[in-house]
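For reference, the structure discussed in these notes is given below.
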Amino acid sequence: MSETEIFDRAARRLRRDRAAPDFAEQDFLRAQMIEGLLDRLSSVTRSFSLALDLGCFDGALGVELRARGVKVVSADAGFAFAKMAGGVQCDEDRLPFADGSFDLILSAGVLDSVNDLPGALTLIRRALKPDGLFLGAFVGAGSLPQLRAAMLAGDMVHGSAAPRIHPQIEVRAAGDLLARAGFALPVADSERLDIRYPGLLRLAADLRAAGATNILCGRSHVGLTRPQIGAALQAFAEAAEPDGKTRERIEILYLTGWSPAPSQPQPARRGSAVRSLAEALRKS
Amino acid sequence: MSVDPDYLALLVCPISRTPLRLDAERNELISDAARLAYPIREGVPVLLVEAARPLAEQA
């Protein structure tokens, strides 16, 4: 099976373990996602009793939820993060929670590197009680264009491009995925974040610190050559603004969906209208 | 460290999606349906297929 997967599960767990010790100081991107999720959560009027923090990293989101009086179960694909948050180690697309366990599931910063995202979303929906809420945030399409261009420029030194950037999900595709996974009232939206970097190495350091470096199964296991690194650094520097910093873009994708319940607003049954639309249009 | 029984009740085997049974002596979570034992390491239930120990076939 693993030959047909996109992401290397073992590498993913390892990268997360390596990021764990110093994560709290490096988590600006996830902090942004947590803020976005809590914003969306605060606009919901109902209250929640038991939440799952899926992809819990150091447990920062769980702390916020507990402060709001919600009990939290934490889960992470990496052992070190699972241990820090007092949670369970598991893969998002092989979720080990019984159907109808939670009334809230939050996930910040992990669903972009899951092998079977439709499967993960379906399992998330099943783990929710009826009328339970799912809120997710992750890096989506349009992110890291400067990194992509710089790495390509580096690869061109030797004449062929290698897979270096993870596939990214479009907002529209994300909405479709939510609907396909059986969520009611699905919404997908995105938030643009521009980060200015003094150089490519600083960006690479940030990605490493977030456990977000390349885990593609098809990635090259040969190190970059000196000329390759030089060309990549130069391409990134050439894209800089007058003050010498290069603007890199991150598009954070937010997903919102409810597990279906009879109490929710339902579309009218097809053919149940009592007036003709054609007639209404003719009159005006 | 032991696993909170409240949340043990929520856990299922990621393969068979059936309930798990705690083997306190070996510190493992047993999936009778999948014939797998998942380890609990330093208080963390490791519910990864790759980490599970296959149980011997019962005669």
Side-chain angles (χ1 to χ4, degrees), chain A residues 1-2 5 8-14 16-17 20 49-54 56 59 62 71-105 114-116 119-120 122-124 126-129 132, chain B:
Chain A
M1 282 276 283
S2 63
E5 292 200 318
D8 179 339
R9 290 175 193 263
R12 186 169 184 256
R13 292 170 196 146
L14 200 65
R16 298 183 76 73
D17 281 353
S49 55
L50 183 61
L52 173 64
D53 178 7
L54 183 58
C56 60
K71 283 217 280 183
V72 182
V73 172
S74 306
D76 201 280
F79 178 80
F81 280 136
K83 193 183 166 200
M84 279 166 94
V88 177
Q89 188 184 10
C90 65
D91 286 340
E92 296 82 351
D93 52 359
R94 295 172 180 165
L95 211 56
F97 298 100
D99 290 2
S101 292
F102 306 99
D103 53 11
L104 176 65
I105 298 182
V114 165
N115 273 305
D116 178 9
T122 302
L123 288 169
I124 288 170
R126 286 179 58 175
L128 283 170
K129 294 187 165 93
Chain B
M1 229 168 105
S2 65
V3 182
D4 181 347
D6 272 1
Y7 102 75
L8 180 61
L10 303 176
L11 297 179
V12 294
C13 167
I15 300 295
S16 63
R17 294 197 58 75
T18 52
L20 294 167
R21 181 166 55 79
L22 176 67
D23 180 341
E25 209 161 288
R26 299 191 68 139
N27 213 18
E28 287 177 332
L29 291 167
I30 310 292
S31 168
D32 289 311
R35 307 293 307 146
L36 290 170
Y38 297 92
I40 300 174
R41 293 181 188 143
E42 301 171 49
V44 178
V46 179
L47 296 174
L48 302 175
V49 185
E50 295 85 347
R53 179 176 67 84
L55 297 177
E57 289 295 322
Q58 273 174 342

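Everything numeric in this text was worked out from a predicted model, so none of it was measured.
Options A:A127, A:P96, A:C90 differ in how many heavy-atom pairs under 4.5 Å they form with chain B, and the most are formed by A:P96.
Here CG of B:L10 is found 6.0 Å from CG of A:L50. Values are rounded to the nearest 0.5 Å.
Taking 4.5 Å as the limit, some side-chain heavy atom of A:R94 sits within range of a side-chain heavy atom of B:V49. For the pair B:L48 and A:D91, the minimum side-chain heavy-atom distance is below 4.5 Å.
When atom types are taken as modelled, the side chain of B:R17 and the backbone of A:F97 share a donor-acceptor pair closer than 3.5 angstrom.
Contact annotation for A:V88: both backbone and side-chain heavy atoms come within less than 4.5 Å of a heavy atom of chain B.
Within a 6.0 Å radius of NZ in A:K129, other residues, nucleotides and ligands contribute more than 12 heavy atoms.
The nearest pair of heavy atoms linking B:V44 to A:A82 is CG1-CB, 3.8 Å.
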